[in-house]
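The structure presented is a predicted model; accordingly, all values stated were derived computationally and were not measured. In what follows, every heavy atom counts, from backbone to side chain, and hydrogens, waters and symmetry copies are set aside. In what follows, chains carry the letters A, B, and so on, assigned in the order in which the sequence lines appear, proteins first and then strands, with residues in each chain numbered from 1.
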Amino acid sequence: MSERSGLNCVICGVGGQGNVLASRLIAQVLLARDEHVKTAETIGMAQRGGSVASHVRGGHPQSPLVPKGCADCLIAFEPGEAVRCIDYLAPGGTIVVNTQAAQPPVAALQGIDYDGSEALAYLRALPGVQLVEVDGASICEQAGSSKVLNIALLAAAVKSGALGITREELEDAIRERVHPRFHEMNLRAIMLMSE
Amino acid sequence: MPVKLLMGNEALGLGAIHAGVNFVSGYPGTPSTEVLETVAKHNDGSIHVEWSTNEKAALEAAAGAAYAGARALVTMKQVGLNVASDPLMTLSYIGVEGGLVIVVADDPGPISSQTEQDTRNFAQFAKVPLFDPASPGEAYAMIQDAFELSERHHTPVIVRPTTRVSHACGTVKTRGGVADCGASFANPTLDDDDASWERHVPSGFTKDTQRWVVFPRTSYLNHGKVERRAAAIADELSFGYRPNRIEMSGMGHAEVTRAFEERGDKRFELGIACGGISYHYVMEALEMCGLELPVLKIGTPYPFPAKLATEFLEAVDEVLCVEELDPVIERELNFLCGFEFLANTIHGKLDGYFGYAGEQNVEDICDVLADVADLGDRGTVLMSHWDSRDIRTVPAVTPKPELPPRPPVLCAGCPHRASFYAVKRAVGKRKAVFCGDIGCYTLGNAAPLDMVDTCLCMGGGITVAQGIETVDPDTLAFGFVGDSTFFASGITGVVNAVYNQHDMIVCMLDNSTTAMTGQQPHPGTGRTMMGTEVEPLSIPRILEALDVDCQIVDPLDFERAVQAVRDAMDKTGVRAIIFKSPCIYLEPPAHPAVKLDLDACIDCRACIKQLGCPALVVEDGHVAVDESLCYGCELCCKICPTDALREGGSDE
Ligand SMILES: Cc1ncc(C[n+]2csc(CCOP(=O)(O)OP(=O)(O)O)c2C)c(N)n1
Ligand code: SF4
Ligand code: SF4
């Protein structure tokens with residue numbers, strides 16, 4: 001964690017991937033610890049497949065947005081979006097990234113070959129950064145739903161230690177904020193990630 | 001008092017409930033929508049909650065409720081107030097009996113809006129008090145204060161969150177009226193710790209033509225009253241209302257005032273004036289830069305707390321104004337300097353330190369602070385922590401790869417895609433203009449559909465088409481409109497077309513919901529925000545009553561849809577095609593994801609090039625279907641020249 005008192009985390013991806021729930025779950029954990037929390041989420045037009053980012057801050061934050069260079073952890077639902085948000089990461093911070101690229105329809109149209117590999121290579125070459133690569137597709141397949149990508153990435157971030165929260169805390173937050181119908185599937189994703 | 005994680009809009013909704021609100025109306029619009037939805041969600045049935053047909057209807061209905069002594073809340077986005085401006089301007093003169101609060105959410109960026117208009121100007125123009133919350137916690141307290149002020153001064157009041165307040169979450173102590181960030185007026189029922197709140201009891205409507213009927217003579221008299229009211233409220237808000245305050249590194253208002261007095265003639269060289277979310281950006285920037293400066297926080301930009309601001313101006317030399325959108329606080333301070341013969345220098349947008357467009361952020365404010373602090377010799381200003389040209393980001397060793405742009409797109413399986421494509425195919429090379437409108441279907445402008453030539457404002461597509469068609473009679477004019485937009489402000493445009501003999505085709509994109517703003521019900525859906533099912537209004541019957549020739553087709557029945565457009569093209573006058581198929585969020589997919597037969601696919605990419613469906617991707621240099629995204633609408637199957645795209649269930 002940075003010298004600032006609380007957690008600073010940015011979660012980025014593509015609208016529709018479950019970004020908002022991910023930030024609410026981290027916020028829920030901090031709230032359960034009686035911390036003051038702020039989050040900022042992208043709600044609106046960009047939710048239709050555009051670039052979205054959620055910010056979560058613990059401690060006693062002023063701004064709901066993490067300033068550039070201050071994120072302890074950057075959680076990315078796909079490699080290119082991690083690069084788009086890289087300026088938020090603090091030196092020595094952690095990146096948790098799903099290695100499977102999400103192709104924007106314009107890429108195929110404009111003949112841009114985008115498979116995320118260049119973005120991943122860039123992330124791998126960043127000095128002094130802890131990079132956690134997650135094979136999201138395989139976790140989702142094992143958990144039986146593409147909807148658990150957000151939880152799998154959160155679980156990987158928890159495991160990396162970058163969030164300073166425990167697996168039990170994450171599980172409690174899911175029980176608190178997610179519909180019981182989806183508990184089992186999400187807890188399974190955490191189990192798969194924690195192995 | 002329970003501490004909750006609340007989104008700003010939830011805090012506003014709960015705050016209104018805890019203020020005893022009786023009547024809530026509004027029209028959806030990002031970033032305001034969740035305020036009304038929160039009230040509906042927590043409604044025990046005793047509050048009337050409605051999505052009105054548009055903002056004007058919402059405000060007028062709420063005004064009636066407030067005339068009858070109810071506490072009424074109206075919610076909308078900033079451009080919604082343009083629609084509701086007619087009733088607002090007069091309501092300011094007429095006033096209310098019960099408290100009337102209008103939540104108008106501004107959207108710096110803009111992130112999801114047509115304009116970056118600043119509602120603080122609207123408040124000045126309409127002479128209606130405005131509260132400008134800086135956080136969800138302050139929003140919770142302020143909306144309760146707003147009801148109280150509205151009732152006491154018989155005026156409508158605006159509460160104006162911005163996106164980073166509306167769509168930010170914060171920890172808020174709820175109930176009892178005191179959120180963790182700001183005190184209220186000395187009002188015992190609001191300050192109460194025992195968590196009790198009471199439903200306001202409306203007095204009922206009392207007839208009084210002098211009061212409720214607008215006439216030139218009464219308006220002359222009311223105009224004077226409105227000005228006196230604004231002056232009285234400005235004085236009241238200048239001292240003792242905590243959201244307006246002077247503070248400095250942890251010192252409260254009283255301590256800072258004392259510090260000012262102790263310094264005597266020795267003024268601070270630099271102070272900051274700010275409001276809304278920028279207040280929190282400023283406090284964080286000061287912390288990051290290690291600066292201790294007096295800060296004037298403005299929570300009620302209209303009526304401007306001039307006495308408080310004058311006290312601040314007398315204690316500092318230069319002032320940096322930090323606010324999003326228009327330089328409202330900055331202009332007020334410049335005005336005060338002239339009015340009170342003060343010699344301060346005011347920095348901000350007017351002298352170019354900040355830009356007008358877009359959001360602010362902590363980093364930019366740090367940069368500007370560095371620049372301002374660099375000006376001349378400043379003993380107290382030490383830019384010890386911040387070197388603006390060296391933001392502490394991770395140093396990269398390889399250059400950043402070029403990233404594909406990622407604009408929002410119509411969902412995989414969106415019926416609008418099929419409707420646009422049917423029109424495109426039917427029109428072919430004929431000269432035509434496609435006048436679009438506001439909603440998910442605005443996204444039909446993107447390649448490869450490229451089916452939106454104009455988009456102005458809600459309801460404007462149908463009418464803009466009429467103007468173009470008149471000037472360019474050889475152009476086939478299409479006006480696209482969504483179902484919610486049709487009810488909100490499209491009907492008048494159709495009436496105009498029929499009456500004035502225009503020649504155009506209305507394309508009604510009826511997806512049975514208000515999709516763009518998050519699938520709200522509307523008059524055509526038959527569901528109300530009170531949870532009741534009512535008879536849905538029939539769009540074809542409305543059009544038929546207007547003598548409009550009308551066809552109904554399922555856009556996913558591709559060939560019939562194209563034929564319907566062709567039939568309409570062969571006619572003249574005002575004719576309509578209703579493309580009826582639900583938004584994918586309303587129903588689970590009717591068919592499984594489609595399958596691509598790799599042997600049959602010649603990789604011509606016609607599907608991608610013509611439809612732009614996000615589920616059609618290129619994988620390892622070849623077309624592929626992303627099954628996690630495909631909704632099984634089967635539109636692409638009808639386009640593939642080799643029938644390589646097939647129904648999902650067919651040949652496993
Ligand atoms: C004056 C005004 N009020 C509200 C909005 C917010 N808004 C954007 S799109 C939309 C309605 C879209 O519904 P519909 O016409 O049914 O199209 P859909 O999104 O379902 O395709 C609304 C209310 C706005 N942009 N302008
Ligand atoms: S939300 Fe509904 S209407 Fe909007 S793009 Fe998606 S499918 Fe289409
Ligand atoms: S069937 Fe074809 S057009 Fe429809 S959602 Fe699936 S891939 Fe997209």
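Among A/Gln110, A/Lys147, A/Glu78, the residue with the largest count of heavy-atom pairs under 4.5 Å with chain B is A/Glu78. Most heavy-atom pairs under 4.5 Å with chain B, from the set A/Ala107, A/Pro127, A/Ser23: that is A/Pro127. When the candidates B/Pro404, B/Ala168, B/Cys613 are compared by the number of heavy-atom contacts under 4.5 Å with chain A, B/Pro404 comes out ahead. When each of B/Met516, B/Glu402, B/Glu619 is scored by its heavy-atom pairs under 4.5 Å with chain A, the top score falls to B/Met516. Options A/Ile112, A/Asp113, A/Leu65 differ in how many heavy-atom pairs under 4.5 Å they form with chain B, and the most are formed by A/Leu65. Options A/Val14, A/Leu31, A/Leu109 differ in how many heavy-atom pairs under 4.5 Å they form with chain B, and the most are formed by A/Leu109. Contacts with chain A were tallied for B/Thr33, B/Ile608, B/Val282; B/Ile608 has the most, counting heavy-atom pairs under 4.5 Å. Of the listed residues (A/Ala102, A/Ser146, A/Ala101), the one with the most heavy-atom contacts under 4.5 Å to chain B is A/Ala102. Contact tally against chain A (heavy-atom pairs below 4.5 Å) for B/Cys169, B/Pro408, B/Ser112: the top residue is B/Cys169. For chain A, the option among B/Val409, B/Thr30, B/Ile277 with the highest count of heavy-atom pairs below 4.5 Å is B/Val409. Chain B forms the most heavy-atom pairs under 4.5 Å with one residue out of A/Gly116, A/Ala125, A/Gly15, and that residue is A/Ala125.
Using a 4.5 Å cut-off between heavy atoms, A/Val106 contacts chain B through its side chain alone, with no backbone atom that close. Contacts of B/Cys414 with chain A are absent, with no heavy-atom separation under 4.5 Å from either backbone or side chain. Both the backbone and the side chain of A/Pro104 have a heavy atom closer than 4.5 Å to some heavy atom of chain B. For a residue to count as touching a neighbouring chain, one of its non-hydrogen atoms must lie under 4.5 Å from one of that chain's; by this rule A/Tyr114 touches chain B with the side chain only. Looking at B/Pro407, the atoms closer than 4.5 Å to chain A (heavy atoms on both sides) sit in the backbone and in the side chain alike. Proximity to chain B (any heavy atom under 4.5 Å) is restricted, for A/Val129, to the side chain, taken from C-beta onward. Neither the backbone nor the side chain of B/Leu410 comes within less than 4.5 Å of any heavy atom in chain A. With a 4.5 Å cut-off on non-hydrogen atoms, A/Arg124 does not touch chain B at all. Within the 4.5 angstrom heavy-atom criterion, no atom of A/Ala71 approaches chain B.
B/Arg417 places a side-chain N or O within donor-acceptor distance of the main-chain N or O of B/Cys411, the cut-off being under 3.5 Å. No donor-acceptor pair closer than 3.5 Å links the side chain of A/Gln28 to the backbone N or O of A/Ala173.
With contacts defined as side-chain heavy-atom distances shorter than 4.5 Å, the pair A/Arg175/A/Asp172 qualifies. You'll find the side chain of A/Ile174 stays beyond 4.5 Å of the side chain of A/Phe182, heavy atoms only. With a 4.5 Å cut-off on side-chain heavy atoms, A/Ile75 and A/Cys12 do not count as touching. Put simply, the side chain of A/Glu81 reaches to within 4.5 Å of the side chain of B/Arg406, judged on heavy atoms. A heavy-atom distance below 4.5 Å is found between the side chains of B/Pro401 and A/Val83. For the pair A/Val178/A/His183, a side-chain contact is recorded, criterion being any heavy-atom separation below 4.5 Å from C-beta on.
With hydrogens and angles left out, the side-chain atoms of B/Thr38 and B/Glu10 include no donor and acceptor closer than 3.5 Å. In this structure, a donor-acceptor pair under 3.5 Å is absent between the side chains of B/Thr171 and B/Lys4. Between the side chains of B/Thr513 and B/Asn511, not a single donor N or O lies within less than 3.5 Å of an accepting N or O. Remark: the B/Gln520 side chain and the B/Glu37 side chain contain an N/O donor-acceptor pair separated by less than 3.5 Å. Under 3.5 Å, the side chains of B/Asp106 and B/Thr162 contain no donor-acceptor pair of N or O atoms.
Listed in order of number, the residues of residues 42-53 of chain A that approach chain B to under 4.5 Å between heavy atoms are A/Ile43, A/Gly44, A/Met45, A/Ala46, A/Arg48, A/Gly49, A/Gly50, A/Ser51.
Atoms CD and CG, from A/Glu118 and A/Leu123 in turn, are 12.0 Å apart once rounded to the nearest 0.5 Å.
More than 12 heavy atoms of other residues, nucleotides or ligands shown are found within 6.0 angstrom of CD on A/Gln142.
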Run the numbers on B/Val397 and A/Leu126 for side chain to side chain contact (heavy atoms under 4.5 Å, CB included), then give the verdict.
CA-CA 6 Å; B/Val397 284; A/Leu126 288 174; over 6 Å; no
